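Beneath this line is the structure, given in structure tokens, with notes to follow.
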Protein chains: 2
Amino acid sequence: MVTVKQARHPGLEEMTLVAVMGALSDPIRVGLVRVLADGRERGWGELRAPVAKSTLSHHLRVLRDAGLTRTRQEGTRCFVELRREDLNARFPGLLEAVLEVARGDDVGAHVGVTDDSNRT
Amino acid sequence: MVTVKQARHPGLEEMTLVAVMGALSDPIRVGLVRVLADGRERGWGELRAPVAKSTLSHHLRVLRDAGLTRTRQEGTRCFVELRREDLNARFPGLLEAVLEVARGDDVGAHVGVTDDSNRT
DNA sequence: TACCTTGTTCGATGTTTTACGAACAGCGAA
DNA sequence: TTCGCTGTTCGTAAAACATCGAACAAGGTA
């Protein structure tokens with residue numbers, strides 16, 4: 001019934017440093033953030049990660065609950081995007097610093113997107 | 001015998017983003033980092049945190065293993081300090097961004113030092 | 001030497017996290 | 001309506017984590 005509980009996204013004030021750090025303490029999630037770092041909204045199906053879909057769903061929820069991403073549902077499919085402006089407002093400099101290191105170390109390398117670019 | 005295994009500190013190359021983020025995903029550890037953020041070396045006994053000493057020891061080890069702090073042993077007591085330069089070299093901007101937010105949100109507020117300033 | 005102080009290590013425990021496959025629910029298409 | 005596709009939720013299991021008290025080890029002190 002209330003299966004898709006219309007995903008609640010935390011407001012700026014609800015985001016906590018500890019939750020964000022926790023969300024970014026997993027390589028898969030860092031990989032997802034990196035994929036979304038180009039600012040483009042991505043379809044769930046575009047995302048590739050070496051885990052079962054239920055696990056991927058879990059990771060996306062952790063990111064969303066921490067306030068890192070925004071999920072939009074359109075009919076049957078979901079789209080995810082990085083809440084870059086919100087993050088920069090709430091945690092100035094943090095996201096950029098993390099992305100910079102993640103890029104340099106190639107953290108979350110096995111996370112990617114299908115080259116099936118049918119959007120944007 | 002080898003109780004105090006002379007604490008190994010990871011070199012710059014051994015530090016990982018994920019480990020650092022994990023280390024900073026606990027309010028007590030963030031509080032410890034805040035306390036050390038003034039650059040002063042602190043004695044173990046100076047640190048106050050609302051946990052048992054064995055737990056505090058554990059948290060200090062997590063921080064040390066992630067490369068955030070350096071521990072020095074002098075006779076019977078230990079001294080801890082933040083590896084600020086190393087962190088800035090390895091993760092540019094990250095520590096400052098975290099400290100800034102932690103200060104603003106007062107993360108790890110119940111962690112402090114005894115005003116027993118008998119050092120420096 | 002016998003004791004005390006200091007911090008680590010050792011279990012033990014309860015909680016949280018990660019992971020999977022299966023079942024389910026919503027939506028669109030046949 | 002009946003399928004099929006998509007993503008969430010559930011049940012479960014394994015691993016990691018936070019926490020404590022007790023035991024221990026190393027160094028200083030009496």
Side-chain angles (χ1 to χ4, degrees), chain A residues 1-9 16 18-32 41-66 69-80 108 110-111 114 116 118-119, chain B residues 1-9 16 18-32 41-66 69-80 108 110-111 114 116 118-119:
Chain A
M1 197 228 289
V2 194
T3 304
V4 177
K5 45 179 61 165
Q6 193 43 235
R8 85 180 67 74
H9 297 82
T16 71
V18 165
V20 169
M21 300 306 269
L24 295 175
S25 66
D26 180 290
I28 289 186
R29 290 194 291 261
V30 172
L32 289 169
E41 183 180 55
R42 296 289 186 175
W44 212 102
E46 266 186 288
L47 303 173
R48 277 193 310 101
V51 290
K53 66 173 185 173
S54 58
T55 302
L56 179 55
S57 182
H58 160 69
H59 284 307
L60 287 171
R61 186 154 70 86
V62 172
L63 288 174
R64 190 180 59 225
D65 289 350
T69 59
R70 178 170 6 254
T71 294
R72 181 172 64 85
Q73 190 146 7
E74 190 177 288
T76 275
R77 42 186 71 183
C78 291
F79 296 93
V80 197
H110 9 287
V111 177
T114 64
D116 184 65
N118 59 317
R119 296 187 33 72
Chain B
M1 199 229 288
V2 195
T3 304
V4 177
K5 46 176 62 168
Q6 193 44 236
R8 84 181 69 75
H9 297 82
T16 70
V18 165
V20 169
M21 300 306 271
L24 295 175
S25 66
D26 180 290
I28 288 187
R29 290 194 292 261
V30 172
L32 289 169
E41 183 181 56
R42 296 289 185 174
W44 211 102
E46 266 185 288
L47 303 174
R48 277 193 309 102
V51 290
K53 67 172 183 172
S54 57
T55 303
L56 179 56
S57 182
H58 160 68
H59 284 308
L60 288 172
R61 187 155 68 87
V62 171
L63 288 173
R64 190 180 60 224
D65 288 350
T69 60
R70 177 172 5 255
T71 293
R72 181 172 65 85
Q73 189 147 8
E74 190 176 291
T76 275
R77 39 187 71 185
C78 291
F79 295 94
V80 197
H110 8 288
V111 176
T114 65
D116 185 65
N118 60 315
R119 298 184 31 73

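Side-chain atoms are counted along with the backbone in the values below, which use heavy atoms only and exclude waters and symmetry mates. In this text the structure is predicted, and so the values were computed from the model without any measurement. Lettering follows sequence order; numbering is per chain, from 1.
Comparing atom distances between the Arg77(A) side chain and each of dT19(D), dT8(D), dG7(D) picks out dG7(D) as nearest. Counting only heavy atoms from C-beta on, Thr76(B) has its side chain closest to dG28(D) among dG7(D), dT8(C), dG28(D).
Regarding Arg72(A), its CZ atom lies at a distance of 15 Å from the C1' atom of dC27(C), rounded to whole Å. dA25(C) atom C1' lies 15 Å from atom CH2 of Trp44(A), rounded to whole Å. In this structure, CD of Glu74(B) is placed 13 Å from P of dG27(D), rounded to the nearest angstrom.
For Arg70(B), the side-chain hydrogen bond (donor to acceptor under 3.5 Å, both in side chains) partners two or more places apart in sequence, or in a different chain, are Glu81(B). Residues that satisfy the side-chain contact (heavy atoms from CB on, under 4.5 Å) test with Val111(B), not counting sequence neighbours, are Ile28(B), Leu32(B), Val35(B), Ala49(B).
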B/S/- along nucleotides 11-17 of chain D (protein heavy atoms under 4.0 Å) is -------
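Here the closest heavy-atom approach between residue Val18(A) and residue Ser25(B) is recorded as CG1-O, 3.2 Å.
Residue pairs meeting the side chain to side chain donor-acceptor pair (under 3.5 Å) criterion with at least one member in residues 52-61 of chain B, sequence neighbours excluded, are Arg29(B)-His59(B).
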Protein-nucleic acid N or O pairs under 3.5 Å, nucleotides 20-23 of chain C:
| from | atom 1 | to | atom 2 | distance (Å) |
| --- | --- | --- | --- | --- |
| dC20(C) | OP2 | Ala52(A) | N | 2.7 |
| dC20(C) | OP2 | Thr55(A) | OG1 | 2.9 |
| dG21(C) | N7 | Ser54(A) | OG | 3.3 |
| dG21(C) | O6 | Ser54(A) | OG | 3.1 |

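Each of Ile28(A) and Gly75(A) was matched to the nucleotide of DNA chain C holding its nearest heavy atom; the match closer to the 5' end belongs to Ile28(A).
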Under the rule of Watson-Crick or G-U wobble with both distances under 3.5 Å, where | means paired to another strand and [ ] a crossing pair, DNA chain C maps to ||||||||||||||||||||||||||||||
